[in-house]
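Here the structure is laid out as structure tokens; the discussion comes afterwards.
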Amino acid sequence: MKKIVFATNNRHKIEEISALLNECGSEVGEKFEILSLSDIGCTADIPETSETFSGNALQKAEYVKTHFDYDCFADDSGLEVRALGMAPGVHSARYAADEGFDHDSEANMDKLLSRMAKIQHREAQFRTVIVLLLDGQMFEFEGICKGTIATERMGSGGFGYDPIFVPEGHEESFAQMGMEAKNAISHRGKAVRQLVDFLKTL
Ligand code: ITT
């Protein structure tokens, strides 16, 4: 069985992707064993210095390939708000870093809500790019989920900006819908299903 590392330190991403892989049936599970960074003893905070999702995902996957010599995939994702010129984008995880908060979801949401306080056009989208490095080749998969930014937090499930993101066609935020319903329509769900469909062809 071929081993592939999922290069993330975000436990919520691991939970979402594990659920998606299970849901996609046994075909991939029989051919591939998905390992986490802790499975391979990688404790590094892998640098993400690119200004694109694709560049950051590649950076994370290449780090694992170079230092641990495993085939690997990585997800880089973020929230793009139209009225803010598609910010926070690649800076989503550290949006409130200029206020002294590192990787702090509550501070990130506070900052976004205050920037949006007087803005009526609240269209936004989550984007995920997955880069897979397999047998010396690179493959890329992308998922987008459109929606709007709520005026206040709704719900306590999920992670990151989930309490303030309402996906298109829904009244509830991602944080109110539960993981299964979120995965069915989310940016990450769409990208992972493409990855799984590709792995099934191998
Ligand atoms: P890794 O780099 O280790 O994978 P990370 O949390 O730093 O973990 P990203 O660099 O991809 O992940 O940053 C994405 C940030 O965007 C994340 O920290 C959240 O704040 C936000 N985000 C991404 N996907 C999200 C989702 O499904 N729901 C809510 N917020 C999300």
Side-chain angles (χ1 to χ4, degrees), residues 5-20 34-40 42-64 72-81 84 86-97 101-113 124-132 141-150 153-167 170 172-193 195:
V5 175
F6 177 31
T8 183
N9 283 310
N10 183 326
R11 70 177 173 83
H12 300 283
K13 287 186 182 178
I14 294 180
E15 281 167 19
E16 287 188 3
I17 290 191
S18 306
L20 279 157
I34 310 293
L35 302 176
S36 67
L37 289 176
S38 62
D39 288 334
I40 61 165
C42 174
T43 52
D45 185 14
I46 303 174
E48 297 172 46
T49 54
S50 172
E51 280 302 316
T52 64
F53 293 115
S54 168
N56 281 330
L58 176 61
Q59 220 175 348
K60 291 186 250 189
E62 270 181 338
Y63 185 96
V64 170
C72 177
F73 68 92
D75 146 334
D76 197 56
S77 23
L79 181 62
E80 300 177 316
V81 182
L84 302 180
M86 303 314 250
V90 290
H91 305 292
S92 294
R94 297 184 171 87
Y95 187 43
F101 300 97
D102 190 33
H103 252 106
D104 183 328
S105 294
E106 295 304 321
N108 290 340
M109 284 191 285
D110 285 341
K111 178 171 174 181
L112 188 57
L113 287 174
Q125 62 187 24
F126 270 118
R127 184 194 297 268
T128 288
V129 173
I130 292 177
V131 167
L132 168 70
F141 311 93
E142 184 179 67
I144 288 176
C145 180
K146 292 181 186 292
T148 50
I149 302 299
R153 290 169 174 75
M154 299 193 295
S156 56
F159 71 101
Y161 297 88
D162 280 348
I164 59 169
F165 182 80
V166 179
H170 294 258
E172 295 177 305
S173 74
F174 266 168
Q176 292 174 303
M177 10 181 37
M179 197 202 312
E180 206 180 320
K182 178 186 169 185
N183 276 346
I185 57 169
S186 79
H187 46 306
R188 187 163 302 98
K190 288 174 184 163
V192 172
R193 276 189 283 275
L195 167 70

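Counting convention: from 1, in listed order, for ligands and their atoms alike. Fair warning: this is a prediction, and the values are worked out from it, not measured in the lab.
Taking NZ of Lys60 as the reference point, atom CD1 of Ile130 lies at 10.5 Å (rounded to 0.5 Å).
Atom CD of Glu15 sits in a crowded spot, with more than 12 heavy atoms from other residues, nucleotides or ligands closer than 6.0 Å. For Lys146, the NZ atom counts as loosely surrounded, since its 6.0 Å shell holds 12 or fewer non-hydrogen atoms of other residues, nucleotides or ligands.
Panel note: side chain Asn56, backbone Thr49; a donor-acceptor pair is recorded below 3.5 Å. Judged purely by atom type and a 3.5 angstrom limit, Lys13 has no side-chain atom pairing as donor or acceptor with the backbone of Thr8. Side chain of Asp102 to main chain of Ala97: no donor-acceptor pair is present (N/O by atom type, distance under 3.5 Å, no hydrogens or angles). For the pair Asp39 (side chain) and Ser36 (backbone), a donor-acceptor distance under 3.5 Å is present. Looking at Tyr63, its side chain never comes within 3.5 Å of a backbone N or O of Ala44 through a donor-acceptor pair. Under the 3.5 Å distance criterion, the side-chain polar atoms of Asp76 are left unmatched by any main-chain donor or acceptor of Val131.
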Could you walk me through whether Thr52 and Ser50 pass the side chain to side chain donor-acceptor pair (under 3.5 Å) check? CA-CA 5 Å; Thr52 64; Ser50 172; 3.3 Å; yes
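Counting protein heavy atoms only, atom 2 (O) of ligand 1 is closest to Lys60 NZ, 2.7 Å. Ranking the protein heavy atoms by distance from atom 31 (C) of ligand 1 puts Phe126 CE2, 3.5 Å first. Of the protein's heavy atoms, Asn9 N, 2.8 Å lies nearest to atom 3 (O) of ligand 1. Remark: minimum distance from atom 10 (O) of ligand 1 to any protein heavy atom is reached at Glu48 OE1, 2.8 Å. When hydrogens are left out, the protein atom nearest atom 1 (P) of ligand 1 is Thr8 OG1, 3.4 Å; that is the closest non-hydrogen contact. Considering only non-hydrogen protein atoms, atom 25 (C) of ligand 1 sits nearest to Phe159 CZ, 3.4 Å. For atom 20 (O) of ligand 1, the closest non-hydrogen atom of the protein is Tyr161 CE1, 3.4 Å. Nearest protein neighbour of atom 7 (O) of ligand 1, counting heavy atoms only, is His103 NE2, 3.1 Å.
Ring geometry for Phe165 against Phe174 counts as tilted: the plane angle lies between 30° and 60°, on a 0 to 90° scale.
No side-chain donor-acceptor contact under 3.5 Å links Glu48 and Gln59.
Of all atoms in ligand 1, numbered sequentially from 1 with element shown, those under 4.0 Å from a heavy atom of Lys13 are 1 (P), 4 (O), 8 (O), 9 (P), 11 (O), 12 (O). Numbered from 1 in the order shown, with element, the atoms of ligand 1 that lie under 4.0 Å from a heavy atom of Asn10 read 3 (O), 6 (O), 8 (O). Short contacts between ligand 1 and Gly160, defined as distances under 4.0 Å to a heavy atom of the residue, involve ligand atoms 20 (O), 29 (C), 30 (N). The distance from ligand 1 to the heavy atoms of Lys182 drops below 4.0 Å at these ligand atoms: 26 (C), 27 (O), 28 (N). The contact set between ligand 1 and Asp76, taken as ligand atoms under 4.0 Å from a residue heavy atom, comprises 9 (P), 10 (O), 11 (O).
Every heavy atom of His12 sits 4.0 Å or more from the atoms of ligand 1. Residue contacts with ligand 1: Asn108 is excluded, as none of its non-hydrogen atoms falls under 4.0 Å. The shortest heavy-atom distance from Asp162 to ligand 1 is under 4.0 Å. Heavy-atom separations between Phe174 and ligand 1 are all 4.0 Å or longer.
Between Arg153 and Asp162, none of the side-chain N atoms (NZ, or NE/NH1/NH2) sits under 4.0 Å from a carboxylate O, so this pair counts as no salt bridge.
Taking only nitrogen or oxygen atoms, main chain and side chain alike, Arg188 reaches within less than 3.5 Å of ligand 1. Looking at His187 next to ligand 1, an N or O pair under 3.5 Å apart turns up.
Relative to atom 16 (O) of ligand 1, the option among Ser92, Ala175, Pro163, Ala74 with the closest non-hydrogen atom is Ser92. Selection from Ala93, Ser186, Gly158, Ser77 by nearest heavy atom to atom 14 (C) of ligand 1 gives Ser77.
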